[in-house]
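Let me begin by presenting the structure, written as C-alpha cells, before commenting on it.
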Amino acid sequence: MINTLIDKKNSNYYYYLLAGIFLFSISILDVVLYSFFKINLTIFLPDILGLFLPLIIGFAGLHLIRIEYSGIKTIDLINKNINTNNFNAFLTLLIIFAIVKAAPPSLSWMIFDANISGDSKEACTGTGACWTYVKVWFRRFMYGMYPNDLHWRINTAFILVIGLGFFGFFLKDSLKKYLALYYVIIYPIIAFLVIYYLISGGAFGLVWVETGAWGGLSLTFIVSFFCLIFCFPLGMILALGRRSNLPMIRYISVGYIEFWRGVPLITVLFMSSVMFPMFLPEDFFMDKLVRVIIAITLFEGAYCAEAIRGGLQSLPRGQYDAAKSLGMGYWKMHIFVILPQALKLVIPGICNTFLALVKDTPLIFVVGLAEIAGMLALAKTNPKWLGFAMEGYIFAAIIFWIICYAMSKYSYNLENKYKTER
Amino acid sequence: MSEPIIKIENVNKWFGDFQVLKDINLDVGAKQKIVVCGPSGSGKSTLIRCINRLEEHQKGSIIVDGTELSENTKNIEQVRAEVGMVFQQFNLFPHLSILDNCTLAPIWVKKMPKKEAEELAMKQLTQVQISDQANKFPGQLSGGQQQRCAIARALCMQPKIMLFDEPTSALDPEMIKEVLDAMVNLAKGGMTMIVVTHEMGFAKEVADEVIFMDEGMIVEKSETKEFFANPKSDRTKLFLSQIL
C-alpha cells in the first residue's frame, strides 16, 4: 500500500502532482493568512502542532511533487532548483516562511504605518517610519550646509559636468582617436573649472561659498567623481611601473603600492588634514577638500594598480612579442596592443575598486566634511529631531545602493560591449 | 655570395646556467632562403628570436643589414621594423580587425598615411588570399587563415627579411598547405627568409641551405640537395631517418 503510494513511476503521476501542489499551496496560504491578516486556519489544533503544521504539509507537498520529469516546465524548474532532496525542500520551506513572516512588519513600518506629511516631528503620529524627517532634511542631505538659494549653482554644475561626460558619445568617428586624451586630461580640467567656478564661486559675480559648507550627496558625487577619474590613470602608470624593466621605477612603484595598501584609509585622511599642513610653508594654503581628494586618489590608485596589473599579467607573452617584432616601442606597444586588451579584462576588478571608493567616501567625516552619511550623523543629533536615525540610514542605504547598482550595471554593459573572441 | 645581410658571429646565450646557443656562426646573404631544423630544445627558435632581439644574446655579435644589435633601443626598433616575424601561435591582436592588425604598425611605426596603409594591407591580404576576411576579427578565422593574416601583417611593414618560427606547427594538417603555399609564393618573390620548420617538403622546394641544430650548436649546414642526399654527421642522419 505505502509502496504504491510513493511509487511515482506510476502512470497516473498526474494525481500526485495535483495533490502535491494542493498541499504546498495550503501550507503557504496558511502562513500568508496568518502573518498578513492574522487569520489562523489551525486554531482548532494545539499551539505546538499549529506551529509546525504548515511545515509538515508543505514538506509532504514538495515530496509528492518531486518527480524525475513531469513535462510541466514550472514543476521541473522547481524540482531542479529548490526541491532536489528532502533537506533542500525543508530549507526552501523555511526560507519562504521566513520571508512571508518578515514582510508584513517591514512593509507596515516602511509604508502603511509611515508618515510623510507635515514638517515637524509632531506630524509623525503613526507607529511606522517618519519619512517627514527625511523630507524636511532632504535639501540638507543633498546639498549639505550650502545656502538654500544657491542650490541652482550645484545643479547647473552637475548638469554641465554630466553633459560634458556624454560629449564623447556624439563625437565624429574621425575624432574618436582623441577620446582618451579628452577623458584623461581635458575633461577633468574642464570639470574642475566648472565645479570650482560654479560651486565655489568668487568670480563672475557669484558669491564665494567655502568648501566647509559643501556637503550631502553632492559632496559624495564631487569626491567620488574626482577620485575616480584621477585614480585610474595613476593606477595604470603604477601597474606599468611595477612591471617595468628599470629597477628604479619598479622599486618605486612596488614601494608606493605596498605603502598605500598597508595603511587604513581613515589614517590617511587624518594625516591629510592634521599632519600634511605642518610640512607646508606657512603662507601656503590648500583647501581641506582638495587635500582629501588627493589623499583618497593616492590611496585608491594603489588598489587600481593591482587590479590592472592582474590584467597585464593575463596577456600571453606572444602579444608582446608580436608587437615588438613589428617595431613598436614600449609606449606604442602598450597603448595600441597591451592596454586595450588588459583593461578589457580588468573591468570587473576596476568596478570593484570604484564601488569600494564610493562607499569609502563617508569616511571624510573624520576631517569634518559631511557628505550624505555625515549629514545624517549631524541631523540625528539635532534636538528637534531626536530618534529618527533609522529612517535616515535607510534613506542613505537606498541612495548608496542605487548609485552602486547603477555603476555595476554599467560595468556589465562595458564588459559585453568590449567582449571579443580569443 | 655578396655582402651578407645577416652576420652572426660567435653568438652564445644562456638561460640561467643552461647554455642554449653555443658559438653560433651564420651568414645569410640577401634573398637567401634558409631552413633551420632540429629536435625540440635545440635552440632553433632562440636563434631566430635573437635576430630581431626578442631574446638577447650574451656573447658575440649579430649584425642585421649593417646595424649591430646592442642595448641601443633605437637600433633595435630600426632592425625590428626591417625584419618581419611570424610565430607558431599566430599572435594576432584579438581586439583589432584583420585589416587593423595589418595597418597598425605601418601607421604608427612607419608613419604611413592611413589610406596608403590600407591599400598596402589589402594588397598583402589579397596575396595570401584572405582579402574577403579583412573586416572580421582574428577569433572568427580558422588557424590557417589567422596564420596567413599574420604573414600579411608582417609583410605590411615591407621588411627586408622574414623570420618564421614554426609557422605550421599549431595548425591542422589540412591547413598547413595553405600557409606553406603563401610562404612559397613569398620565397619566389625574392624575400630573404629564415624558416624554422619540420616541413621537409617545404625545405626541399624553396631552401637554398638547410641548417641542422642540436644542443645549441649548428651541427650541419649545407646546400639543400646535399643535405638530404648525403648528410655528413650521424646526428643529422638519425634525425632525417625519423622525420622523413
Side-chain angles (χ1 to χ4, degrees), chain A residues 172-181 236 240 243-250 308 311-348 350 413-422, chain B residues 45 48-49 51-56 71 73-97 100-111 114 136-141 146 149-150 153-159 161-165 170:
Chain A
K172 270 194 292 184
D173 276 349
S174 54
L175 295 172
K176 278 259 156 78
K177 57 184 164 188
Y178 301 111
L179 216 58
L181 184 78
M236 207 147 82
L240 292 177
R243 287 169 60 83
S244 168
N245 288 328
L246 307 170
M248 228 6 228
I249 292 179
R250 190 167 63 240
I308 295 173
L312 290 174
Q313 266 170 348
S314 65
L315 287 191
R317 187 178 130 186
Q319 291 292 313
Y320 292 88
D321 285 349
K324 280 184 201 161
S325 77
L326 288 168
M328 292 188 202
Y330 181 85
W331 290 109
K332 280 174 192 162
M333 173 172 81
H334 277 94
I335 292 171
F336 298 116
V337 178
I338 304 301
L339 285 175
Q341 295 183 62
L343 294 182
K344 210 182 299 179
L345 293 170
V346 299
I347 290 172
I350 292 282
N413 281 349
L414 277 185
E415 257 176 78
N416 286 332
K417 189 171 155 195
Y418 292 117
K419 197 159 60 187
T420 44
E421 293 168 62
R422 265 220 151 263
Chain B
S45 287
I48 73 162
R49 287 169 66 87
I51 293 173
N52 66 355
R53 212 174 166 82
L54 288 180
E55 305 282 357
E56 286 173 30
E71 291 294 327
T73 43
K74 270 273 163 299
N75 279 354
I76 295 170
E77 278 167 34
Q78 191 187 329
V79 166
R80 282 175 181 164
E82 283 179 15
V83 180
M85 184 155 186
V86 176
F87 302 86
Q88 182 177 357
Q89 299 296 341
F90 329 137
N91 293 345
L92 293 176
F93 306 135
H95 62 299
L96 296 175
S97 71
D100 289 340
N101 260 285
C102 293
T103 57
L104 183 67
I107 290 175
W108 292 101
V109 178
K110 286 188 119 181
K111 315 277 179 222
K114 193 174 177 200
K136 287 193 182 167
F137 283 86
Q140 299 165 315
L141 267 55
Q146 288 194 45
C149 169
R153 176 177 73 177
L155 290 175
C156 281
M157 288 295 286
Q158 295 165 315
I161 303 159
M162 282 288 281
L163 308 173
F164 292 84
D165 187 1

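Order of the sequence lines sets the chain letters (A, B, ...), proteins ahead of strands, with each chain counted from 1.
With a threshold of 4.5 angstrom between heavy atoms, F93(B) approaches chain A through its backbone and through its side chain. Proximity to chain A (any heavy atom under 4.5 Å) is shown, for R53(B), by neither the backbone nor the side chain. Residue Q89(B) does not touch chain A at all, counting heavy-atom pairs closer than 4.5 Å. Of the two parts of V83(B), only the backbone, made up of N, CA, C and O, holds a non-hydrogen atom closer than 4.5 Å to a non-hydrogen atom of chain A. For I76(B), no part lies near chain A; criterion is any non-hydrogen pair under 4.5 Å.
A 4.5 Å side-chain heavy-atom check between V337(A) and L96(B) finds every atom pair outside the cut-off.
If you take CZ on R80(B) and CG on L326(A), they are separated by 10.5 Å, rounding to the nearest 0.5 Å.
Annotation for N245(A): atom CG does not count as buried by contact number, only 12 or fewer foreign heavy atoms lying within 6.0 Å.
Taking each heavy atom of S325(A) and N52(B) in turn, the nearest pair found is CB-ND2, 3.7 Å. Across all their heavy atoms, E77(B) and G329(A) have their closest contact at OE2-CA, 3.3 Å.
Under 4.0 Å is where a charged nitrogen must lie from a carboxylate oxygen, and between K324(A) and E55(B) no such pair does.
Partner of F336(A) under the side-chain contact (heavy atoms from CB on, under 4.5 Å) criterion, chosen from V109(B), D100(B), L104(B): L104(B).
One N or O on the side chain of Q319(A) and one on the backbone of L92(B) form a donor-acceptor pair closer than 3.5 Å.
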Q) Stepwise, does the side chain to side chain contact (heavy atoms under 4.5 Å, CB included) test hold for D321(A) with M85(B)? A) CA-CA 9 Å; D321(A) 285 349; M85(B) 184 155 186; over 6 Å; no

